[in-house]
Amino acid sequence: MKKLNVLLRGNLRQYVMIIALVVVIIFFQIVTKGTLLSPLNISNIIQQNAYIFVLATGMLLCILTCGNIDLSVGSVAGFVGAVSAVFILKMNMPVFPAILISLLIGVVIGIWHGFWIAYVGVPAFITTLAGMLIFRGLTMVILQGQSLAPFPKSFTFIAAGFIPEIANINGINLLAILAGIVASILYILSELSNRRSKKRYNFEVSSVGVFLAKIIAIVAVINAFTYALSRYKGIPMVLVIVVSLVLIYSFITNKTIPGRHIYAYGGNPKAAKLSGVKTKRVLFWVYVNMGFLAALAGIIFTGRLNSATPKAGNGFEMDAIASCFIGGASTTGGIGTVVGAIVGGLLMGVLNNGMSIMGVSIDWQQAIKGVVLLAAVAFDVYSKSRSRVI
Amino acid sequence: MENYILEMRNITKEFPGVRALNNVSFKVKAGHIHALVGENGAGKSTLMNILSGVYPYGTYEGDIIVEGEVCKFRDIKESEAKGITIIHQELALIPTLSIAENVFLGNEQTGGKKGFIIDWHKTRQRAIEMLKIVGLKENINTRVMDIGMGKQQLVEIIKALAKDVKILILDEPTAALNDEDSHNLLKLLLELKNHGITSIIISHKINEVVEVADEITILRDGTTVETLYRETDEFNEDRIIKGMVGRELTSRFPERNSNIGEVRFEVLNWNVYDPKDPTKQIIKNVSIYARRGEVVGIAGLMGSGRTEFAMSVFGRAYGVKISGTIKKDGKEIVMHDEGDAIANGIAYATEDRKSAGLILIDDIKRNIVLPCLSKVSKRLVVNENEEIKISEEYRKKLKIKSSSILQKTGELSGGNQQKVVFSKWIFAEPDILLLDEPTRGIDVGAKYEIYCIINELAEKGKTIIMISSELPEILGMCDRIYVMNEGRIVGELTAEEASQEKVMQCIMRSNKEVIIK
């Protein structure tokens, strides 16, 4: 019990947000009479929000470094979408190299921001505010104020496509089911190896009962999810991208030296520097990475919209920032997880989607999202001030 | 009974695990200057924090009697209402506001009796009057950030006077001041005494205390040793130091089996300039060396450049336009940043563990492995089990009092935090450890444990360079001592010849030389 307390205290907001997410899903599932979790709508929620998940992943790293935020991501996403449109539709470039070059442009933008922030010392807020204006302006310049559409199928596939099916039995996509099973096996194997190595170090491990219950629960969720996907068109391409990103970035932040350095920098830049962390380099790469992910988000969004518009990406930065904070990131840096940011993004996505199904207008949705953000952070501030009393 | 304005009776205060004050009593006569002396951790500041209501009634045992009345202060406001004002070492001024605004901050001069609107006319008029009393020649509209430390100290005193202070408590008022400012401040205290204001002054500078105080109360390890009276008692530095240190001086430092080897580490002709003002030279042509298994001390006053020197040696963590050579085992090494220093086997444990030594929101294990993550990693991937195992070892070895290695370092006591800092640097396996104020702000027991760790490291053949403001500590721990003043090495003493007087002589002599030049 004491252990549970310690565990809960550290990640309180994240657990609360997962519970909140489940509650919100159940609520809308009942109110929308089952539409929310219908196979079609699940695919929809994923495809609608994929770009937010991608941005939130990158934004989390920025926020981890002392609560720096990147205000430019919406504009950069819009800009990269526009650039890819010009490449493909105006210059008739093949899709694959066009996407590659577009992503590269995102990296270059990240280098630009990272340079000013890390090596010149311009505050991130100012640098990225400037970036927001610069790239919004440039988007309009290269699109000459007009939308470019439609894209070839191969481009929109990333955002709106599904992995081609291998076999279909009674309307059930076999690939999705298979993916669920493979994922379950991989998950079980990783848990087992984890447990084995803990035993090798003579550490305490959870009892077999708890261990099995946890595995069964997670395997059940994975397979219920893939089953639902199989009853529509199978696995959306963006899901593959988002899941890989979450896995890769969770691994980097939790298990690797660069990840540790990001957290250490965010926790106390001075102490990190005196411990040999190359703080400027950390800051620089975090923004380079953000540029790359903003570009990826731009391509996904453009693909889903099937057009590049001068206004694309407006306000994305706010959604990404809100996702991170709802998901437990600290405004002063050093605390937060990739999974948390995704949960935060998902919570907002489900709220949006659920309210849309119910017919709540966009204006109200915006206002409700604001209240959710405030409530989440206020709860965290409150619980922290409580725990400090001991 | 004589005219005592303040009496503190049988005060006992406990912190988790430490008894900071044990049955302390002392009395202050009205209109006198009463000095409170004692070593770091003797309990002076704790006692004054109780008096001023920082530690509210109920968190301590004993009575506070002000002007014959028992007081139960719940916060600072209540003690201020009684005319008690404390001026802390860290000044509580707002640098961007003007002198006048600072003086009346929280005590704004308003038009009516309970007005809401600030009467600027009255504010200025009163501020000018008060500045005159104290003899501060500054425009009242000058921003506090634009005046020197000495004048800022005066502004704090004016602020207290503006609240009709009866008992003024000054915590180390001259620690950050130069001699001239210190002298002026002490003169001002005597001046205020003539106006009937009682002062309690906490100071490490015994000579100043002897100069101005009417009575001196000596604290040691949380108890009152004695009170000396100017009229009746022997009243000089030696007498006071004897009281402060007591008989236990020899046992305060554990024995070490010194096994000093060959020269391990040399810094030659080291020059460093201030990063904020690159024309100002902070370190001037410093050369030192240290041998294997040797504990070398760097003594000097605050602001003598000791910390700046150590940090600039540690991978240029401080300073610009650095020149000079560093040799390890006779070979020159070049370090561009802190990472290079660690890779070359040099560690620097900062004097400021809270803001620069630890990541307070992270747990013990993450802090310990941070400087040398590659030791618990394969390629770039951290082995968390290995991390837990190693941290647990250090927790046991250094006796870090904590619920587990998963406890956040911000929740630990100062001594235990310092042990985490030591664990962190021992884990990095350096050959040379630069320790900056390794026992600052930690209690007597933890200090002894830290000394034992330092000895163990030296016995294992590490080279230790230790900076400390506490001369007894330097004298008790080091094999050889460098004295630093104004960014220069002004003396080198062996353990046998070193004494407090010798060290101070070195500093004084160098000050005179500077004046002659």
Side-chain angles (χ1 to χ4, degrees), chain A residues 2-3 5-11 64 66-67 193-205 251-282 329-336 384 387-390, chain B residues 16 311 314-315 317-318 336-343 346-350 352-363 366-390 392 403-404 406-411 421 424-425 428 436:
Chain A
K2 200 178 149 203
K3 253 195 185 158
N5 266 335
V6 172
L7 192 73
L8 278 179
R9 206 174 58 193
N11 304 305
L64 281 179
C66 301
S193 95
N194 202 344
R195 196 175 162 87
R196 219 176 305 128
S197 102
K198 269 194 181 159
K199 273 187 180 160
R200 207 171 37 233
Y201 278 88
N202 289 324
F203 294 158
E204 240 182 287
V205 287
F251 181 77
I252 291 174
T253 50
N254 290 332
K255 305 263 181 192
T256 68
I257 294 180
R260 283 299 178 83
H261 284 182
I262 293 173
Y263 280 99
Y265 177 77
N268 185 346
K270 260 199 220 163
K273 189 161 189 296
L274 284 178
S275 302
V277 174
K278 295 189 174 13
T279 46
K280 284 181 180 171
R281 202 181 286 177
V282 168
S330 156
T331 50
T332 49
I335 296 172
K384 263 189 198 145
S387 69
R388 214 169 280 149
V389 173
I390 29 163
Chain B
M311 284 181 76
F314 181 65
Y318 171 90
H336 298 287
D337 61 20
E338 296 85 347
D340 291 351
I342 295 169
I346 299 172
Y348 168 73
T350 166
D352 194 352
R353 61 179 166 268
K354 273 186 203 263
S355 78
L358 292 173
I359 295 163
L360 298 174
I361 59 169
D362 272 352
D363 54 28
R366 281 189 167 219
N367 271 290
I368 290 179
V369 297
L370 181 63
C372 223
L373 271 169
S374 51
K375 266 175 74 184
V376 289
S377 307
K378 217 186 247 173
R379 294 216 181 82
L380 285 177
V381 182
V382 180
N383 181 346
E384 284 173 78
N385 293 327
E386 195 67 30
E387 179 187 8
I388 292 171
K389 195 181 109 189
I390 284 169
E392 195 58 56
S403 58
S404 81
L406 298 178
Q407 194 173 10
K408 304 245 186 305
T409 50
E411 297 167 0
V421 172
K424 167 174 157 171
W425 289 117
D436 198 350

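Letters go in sequence order (proteins before strands), and every chain restarts at 1.
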Given heavy-atom pairs under 4.5 angstrom as the criterion, report whether the side chain, backbone, both or neither of [X] touches chain B.
| X | answer |
| --- | --- |
| A/Asn254 | backbone |
| A/Pro258 | side chain |
| A/Lys278 | side chain |

Proximal component of [X], with respect to chain A [non-hydrogen, under 4.5 Å]:
| X | result |
| --- | --- |
| B/Leu358 | backbone |
| B/Asp363 | neither |
| B/Ser355 | both |
| B/Lys354 | backbone |
| B/Glu392 | neither |
| B/Val369 | side chain |
| B/Asp337 | side chain |
| B/Leu370 | both |

I need the B/Asn385 CG to A/Asn194 CG distance, nearest 0.5 Å.
7.0 Å
Measuring from A/Arg260:CZ to B/Glu384:CD, what's the distance to the nearest 0.5 Å?
5.5 Å
Is it true that, when you exclude A/Arg281 itself, more than 12 heavy atoms of the residues, nucleotides or ligands shown sit nearer than 6.0 Å to its CZ?
no
Please say whether more than 12 non-hydrogen atoms of neighbouring residues, nucleotides or ligands are located less than 6.0 Å from NZ in B/Lys375.
yes
If you look at every heavy atom in [X] and [Y], which pair is closest and at what distance?
| X | Y | value |
| --- | --- | --- |
| A/Phe203 | B/Ile388 | CZ-CG2, 3.6 Å |
| B/Ile359 | A/Ala271 | CG1-CB, 4.2 Å |
| A/Leu274 | B/Phe314 | O-CE2, 3.4 Å |

Looking at A/His261, A/Lys255, A/Lys270, which has the largest count of heavy-atom pairs under 4.5 Å with chain B?
A/Lys255
Output all residues satisfying ring-ring contact (aromatic ring centres under 6.0 Å, His included) with A/Tyr265, sequence neighbours left out; order by chain, then residue number.
none
With side chains defined as the heavy atoms from C-beta onward, is the minimum distance between B/Leu360 and A/Asn268 less than 4.5 Å?
no
Are side-chain heavy atoms of A/Ile257 and B/Arg379 found at a separation under 4.5 Å?
no
Choice from B/Ala347, B/Gly339, B/Ala356 maximising heavy atom contacts with chain A below 4.5 Å
B/Ala356
